S.K.: 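Got a structure for you, questions after.
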Amino acid sequence: MDIDEFDDLKIILWLILFLLFGIVIITCKHDSGDYIMTVNGPVPSMQTGMTLEHEHILVDFIGADSTGYFRWDRKEVITKALPHIRDIKNRGINTFIECTPAYLGRDPLLLKDLSDQTGLNFITNTGYYGARNNLYVPESFYSSGPEQIAEIWVKEFETGIEDTGIRPGFIKIAVDPADMLSPEHRKIITAAALAHLKTGLTIASHTGPEKPAFEQISILKEYNVHPSAFIWVHAQRGTIESNIAAAKEGTWISLDNVRARADLTPGAPNSINWYADRILGLKKEGLLGKVLISHDSGWYDPAKPEGGTFSGFTDISDFLIPTLKEKGLTDSDIDQLLVRNPQDAFTIKIRTLDPEL
Ligand SMILES: [Zn+2]
């Protein structure tokens, strides 16, 4: 090889190195942009793994005027919850989204302890639970406008919940299942729209039937919030046609009460087979990318001796996934349901209809 050839080779090698460096930079940028917020801080969305998107560790039904951390002993709750968290860890679950709102037993420090002890990501929330006729909203709610309420939630995201420094990973709200939203519940979804626009936190709303779902979606749109910022919680209570219509607009369809019920015949509403068929129906419409699944299970109840009966979080792994595979879903479809969809849904990102507004 003469000197000229050697120089050419050097130039080509440098060019290849330069290109590789560029690719690495672009890839890293893409990865580091998207994140979810756990009780231990931000985690890149790509690293969340298999996720249960709607579960509970503790729920206290006594009401906003009487609840408080004094109502339970964290160590006792953890002792009760730990075996169930280990069960899901053994099944490959890596992220646990805890949907208990403030004034209903939300306890960020409890979740941080559980996360530290198990290595799972735990995600908590901000927002108010208006369902059950506002039993779980604080007194200050009534004299506040949506802007003031949104401000409280935004502050929790920016500086942490109370003095814990723990930040919420989504907005959890709830409305009653009536055909029309009450003025209070219009206020809650409006506050959620305003808080989303400031934080990029996704809004998960305990809703149920389709009429309040579509009313909330239309209020979000009035505020320029894209339906993909909205999770229709308990969407299994709506018809499949309504699930399809909402998903086509971008709404996340949360089918979240998956349980293997011995009392139900296969195919009966809310049986494992029924859930599998609902998921298949959505897939047929090309909407598998908008479906979220969970158990809505748990939990320690401070009103009951030793917290009452704690139901686990394994029926999706043990019953629903095998049924879905029997019905033709691929490994990639399952990955979409348990990994990619929750990553997308809970990534912190402002989602607007019109970016110009
Ligand atoms: Zn729930």
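Just so you know, these numbers come straight off a predicted model, no measurement behind them. We count ligands from 1, going down the list as the structure has it; atoms in each ligand are counted the same way. FYI, the numbering just counts along the sequence from 1.
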S.K.: Among Trp299, Phe96, Phe122, which residue meets the ring pair (Phe, Tyr, Trp, His ring centres under 6.0 Å) test with His56?
M.R.: Trp299
S.K.: So, His54 and the Zn ion (ligand 1): N/O/S under 2.8 Å, yes or no?
M.R.: yes
S.K.: Let me check your reading of the structure: within less than 2.8 Å of the Zn ion (ligand 1), is there an N/O/S atom from His56?
M.R.: yes
S.K.: To the nearest 0.5 Å, what is the distance between CD1 (Ile188) and CZ (Arg186)?
M.R.: 12.5 Å
S.K.: By atom name, which N, O or S atom belonging to Asp296 lies closest to the Zn ion (ligand 1)?
M.R.: OD1
S.K.: Just checking, any donor-acceptor pair under 3.5 angstrom between side chains of Arg351 and Thr202?
M.R.: yes
S.K.: Indicate the ring-plane relationship of His206 and Tyr129, choosing parallel, tilted or perpendicular according to the 30° and 60° boundaries.
M.R.: tilted
